[in-house]
Amino acid sequence: MITLEELSKQYGNTTVVDRVSLTVERNSIMVIVGTSGSGKSTLLRMINRLVEPSGGRVLLDGADTRAEAAHLLRRRIGYAIQGHGLFPHRTVAENIATVPRLLKWDERRIHARVEELLREFQLDPQAYAAAYPHQLSGGQQQRVGVARALAAEPGVLLMDEPFGALDPIIRDKAQEDLLAIQRRFGTTIVLVTHDMDEAFRLGDQVAVMSEGRLLQCDRPAVLLTRPADPFVARLTGLADRALRLLSLTTAGEAALPGSCEGPAVPASASLREALSELLWRGAASVAVTGADGAPCGHLTLAAIIARGRP
Amino acid sequence: MTPARGRLDPLGVLLTAAGAAALAFLPFVLFKANRILPGDPRGLLQALPAGTVLGLQALLLLVAAVAVFVPRATPRLLAALAGVAALSLALAAAADALTPGGNKVVRVAAGPAFWVPLVCLGLIATDAITRLRPGPATRVLLLALFFAAAGAALAHGTFDNLSVMREYAVNADRFAREVRQHVWLALGSLVGAVVVALPLGITCHRFPRLRPGTLGTLNLIQTIPAIALFGILMAPLGALADALPWVARLGIRGIGAAPAVVALFLYSLLPIVANTVVGLKRVSPSAVEAAHGMGMTSWQVLGSIELLLALPVILTGIRVVLVQNIGMVTVAALIGGGGLGTFVFQGIGQTAIDLVLLGSIPIVALAFSAAVLLDALIEVMDRARA
C-alpha cells in the first residue's frame with residue numbers, strides 16, 4: 001500500500017504539486033491523469049524520490065520512504081518510462097539484469113529470472129537475450145523496459161507514460177499484457193498518462209490532477225457519473241461519456257438470462273462493443289457467448305441504454 | 001579496342017598522367033659526391049641497367065592500365081601496392097648501382113621521379129581502400145602488414161645505400177632514443193591531459209554555468225602559437241626550478257622537456273574537455289533517468305552509463321590530441337625537449353635534407369598509425385552500441 005500525505009513540491013515560488021493526499025491499495029492499479037504541466041509526473045517521481053518532496057511524506061506499507069537511502073529505496077520499486085530508457089550499450093539480458101545485479105543476486109538466479117521474464121513477455125530468450133536494444137522493434141523495446149522494471153520482483157511498479165510512444169495497435173496489446181501481468185504477480189502499479197482511454201481501461205482508481213492539485217480520485221465509473229469538478233467532467237469527455245461508461249462494463253456482467261437468435265458478442269467484450277455490433281447489424285438484441293462459444297445470455301438495446309446512464 | 005569513355009577512371013587518368021610525366025621528365029635520384037653538396041640529377045636510365053628499367057616501366061604500365069580501366073577496388077589496391085614495392089626496390093637498386101663499393105661518402109637520394117609516382121600510387125591505394133570500406137580489424141591488419149614489409153626490407157638492408165639510411169647509420173643510437181623521447185612526450189602529455197580534462201569535462205557537463213568560462217579559456221590557449229607558449233612557460237618553470245631544488249631534481253627546468261610537456265598538455269585539454277561535454281550531452285536522457293530510477297548511485301550512473309555511452313566521442317577527442325601531439329612534439333626540439341624534431345632542425349641547420357627526412361618520415365608514420373589504431377578502436381566501440 002502506498003500512502004501520500006499532503007505531498008507538495010515547490011521550485012522557487014512555483015508550486016508544482018500542491019498538498020496531494022492519496023492512497024493506492026495493495027495489488028491495484030492507480031492511474032494519474034492530467035494535462036501536461038499538471039504535476040502528475042512530479043507526483044510519481046516523488047514516490048521513488050527521483051524528486052525530493054518539499055513537504056508532506058510518502059509511506060510505503062506504512063514506512064516513511066525517507067527512512068532509507070534513496071538509491072536503496074528505488075531498487076525495491078520498479079520504474080518504467082516513456083521511450084523505454086533502455087541502455088543502448090547493454091544487451092537485452094544485461095538491461096533486464098540491472099536491478100538484480102545492483103542487489104547482488106547470484107548469477108544463476110539472475111540468469112533464470114531473465115529467461116523467465118523474456119518468456120513472460122513473449123520474447124524468445126534464444127533470439128533476444130544477446131540482442132542490443134536497437135535491434136528490437138518499438139513494441140519489443142517497451143516490453144523489455146517493463147520486464148527490466150519487474151526484474152527484482154518489486155511490490156510496487158511506477159510507470160510514466162510507458163506506452164506513449166507506441167502506435168495504437170501495439171499500445172492496445174501492451175495494455176492487455178500489463179493487466180495480465182498485474183493479475184499474475186499482484187504488483188501495485190501507479191501509472192501516469194494523459195490518455196483517458198488508457199486511464200479508464202487500466203485504472204482500478206483514477207486520480208485527476210490539474211495545476212498541481214488533486215481534483216478527484218475514484219473508480220472510473222464514479223468519475224464519469226459524479227465528476228467532482230467541471231474540469232474532471234471536461235477531461236473525461238462530455239460528448240462521449242455515455243460510451244465511456246458502457247466501455248467499463250463487459251457484456252458478460254450485464255447479460256440477461258436466456259438466449260436469442262442473430263448476432264453474438266463474446267462475454268469479455270464491453271457493452272460499448274456490444275452496442276456497436278447492434279447498430280452495425282441493425283438488430284435489437286444480441287446473444288452473449290462464453291469463452292467456450294456457447295451462449296450464456298443476451299443483451300437488448302434497452303438494457304444497454306439503461307447501463308449508459310448515471 | 002577503345003573502351004567507352006564513361007568507363008575510364010578519372011582519378012586513375014589524372015594520377016597516371018602525373019606519374020608518367022614525372023618519370024619521363026624528372027630525375028629519379030639525386031647523386032651527391034658528399035652529404036652537403038647540391039644533388040646531381042640522374043634519370044632512370046642513368047641510374048639503372050636498361051633491363052631493370054624496362055621491367056619497371058612494364059610493371060608501372062600495367063599498374064596504370066589497372067588504375068585507368070579496372071573499376072573494381074581490390075585489383076586497384078593490389079596493383080598500387082605492387083607499384084609501390086617495385087618503385088621502392090628500383091630506388092634501392094639505383095642507390096646500390098650508383099654507390100661505388102665500400103664508399104660511405106657519396107649520397108644517393110630519391111628524386112622527384114620517385115616521389116611523384118609514389119604519391120600517385122599512394123592516392124590510388126588510399127582511394128581503393130576507401131572504396132573497399134574495410135572493417136576496423138582489416139585496417140589494423142593492413143597497417144601491420146605494411147610495417148612488417150617495410151621493417152623486413154629495412155632489416156634486410158635493402159635501402160642501406162640510400163642517403164636517409166646513411167644518416168640513420170650515423171645516428172642509429174640517437175635515433176632509438178629520440179623516437180622513445182618523441183613517443184614519451186606525446187603520450188605523457190596526452191595521459192596528463194586525459195587525467196585532468198575528463199573530470200573537467202564531467203564538471204562542465206554537470207554545471208553548465210562553468211562551461212563558457214572553461215571552454216573559452218582553453219580556446220584562448222589553443223590560439224597561442226607553440227613557440228610562443230614555450231617562451232611563456234620558460235620563465236615560470238625556470239623560476240620554479242630555482243626556488244624549489246626538488247623540482248629541479250625532477251628534471252623540471254625552463255628549457256628542455258618540461259615546458260614542452262606542459263605546453264602540449266595545455267593544448268590537449270580543449271579537444272578532450274569539449275568532446276567529453278558533447279559526448280555526455282549526447283547520452284539519451286531517458287537512459288540516464290531510467291538508471292537513476294532503478295537505484296543506481298550517481299557514481300554508478302556516471303561510470304557505467306554516461307561515460308561508457310560518451311566514450312566513442314571522448315575517444316575521438318583523444319585521437320585528435322594524440323595525432324596533434326605527435327606532430328607538435330617536433331617543435332619541442334627547438335627548446336631542447338628532444339624527440340624526432342631534433343633531426344629535423346639539425347637537418348635544416350646543416351641544409352642536410354636527408355637528416356630532415358630521417359626525422360620527419362617516422363613522425364608521419366607515428367601519426368598515421370595512431371590515427372588508424374584509434375579510428376579502429378572508436379569504430380569497434382561505436383558498432384557495439386550503434
Side-chain angles (χ1 to χ4, degrees), chain A residues 41 44-45 47-51 68-91 94-104 130-136 141-142 144-146 148-152 154 156-162 164-165, chain B residues 135-137 194 198 201-202 205-209 275-319 374-386:
Chain A
S41 282
L44 185 82
R45 290 151 59 92
I47 298 176
N48 66 359
R49 290 176 60 197
L50 276 174
V51 173
E68 66 184 315
H71 66 276
L72 296 178
L73 170 77
R74 287 181 208 134
R75 291 175 192 177
R76 298 197 287 124
I77 300 178
Y79 188 57
I81 55 177
Q82 176 166 20
H84 62 71
L86 295 178
F87 305 137
H89 61 309
R90 295 191 177 176
T91 64
E94 289 165 347
N95 263 288
I96 295 177
T98 304
V99 183
R101 288 245 157 81
L102 289 172
L103 294 172
K104 305 216 173 1
Y132 283 90
H134 72 269
Q135 296 168 312
L136 307 184
Q141 289 171 341
Q142 191 278 331
V144 174
V146 178
R148 182 176 68 172
L150 291 171
V156 173
L157 173 60
L158 307 181
M159 308 181 91
D160 194 349
E161 307 219 12
Chain B
V194 170
L198 215 53
I202 293 165
H205 173 71
R206 282 286 156 89
F207 307 101
R209 277 167 50 197
N275 277 44
T276 305
V277 172
V278 171
L280 288 174
K281 212 195 281 180
R282 213 184 57 159
V283 172
S284 137
S286 69
V288 174
E289 153 123 15
H292 282 291
M294 282 187 299
M296 289 191 185
T297 63
S298 295
W299 287 110
Q300 284 169 333
V301 176
L302 180 67
S304 61
I305 306 296
E306 294 184 280
L307 278 182
L308 279 184
L309 286 174
L311 198 55
V313 181
I314 298 175
L315 275 178
T316 309
I318 290 176
R319 173 204 184 281
L374 274 175
D375 275 342
L377 182 65
I378 292 164
E379 199 180 317
V380 167
M381 309 205 72
D382 238 354
R383 199 181 278 180
R385 60 203 69 191

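Naming convention: chains lettered A, B, ... in sequence-line order (proteins, then strands); numbering from 1 in each chain.
Contact annotation for A/R49: neither backbone nor side-chain heavy atoms come within less than 4.5 Å of a heavy atom of chain B. In this structure, no portion of A/R76 lies under 4.5 Å from any heavy atom of chain B.
Closest approach of B/M296 to A/T98, counting heavy atoms only: CE-CG2, 3.5 Å. The two residues A/F87 and B/A287 come nearest to each other via the heavy atoms CE2-O, 3.2 Å.
Most heavy-atom pairs under 4.5 Å with chain B, from the set A/R75, A/R90, A/R148, A/Q135: that is A/R75. Ranked by heavy-atom pairs under 4.5 Å with chain A, the first of B/S286, B/A290, B/G293 is B/G293.
Formation of a donor-acceptor pair under 3.5 Å by the A/H89 side chain with backbone atoms of B/S304 is found in this model.
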Sequence neighbours left out, cut at 3.5 Å: what donor-acceptor pairs do the side chains of residues 77-84 of chain A make with other protein atoms?
unit_1: A/Y79; atom_1: OH; unit_2: B/E289; atom_2: OE2; d: 2.3
unit_1: A/H84; atom_1: ND1; unit_2: A/L86; atom_2: N; d: 2.9
unit_1: A/H84; atom_1: NE2; unit_2: A/Q141; atom_2: OE1; d: 3.3

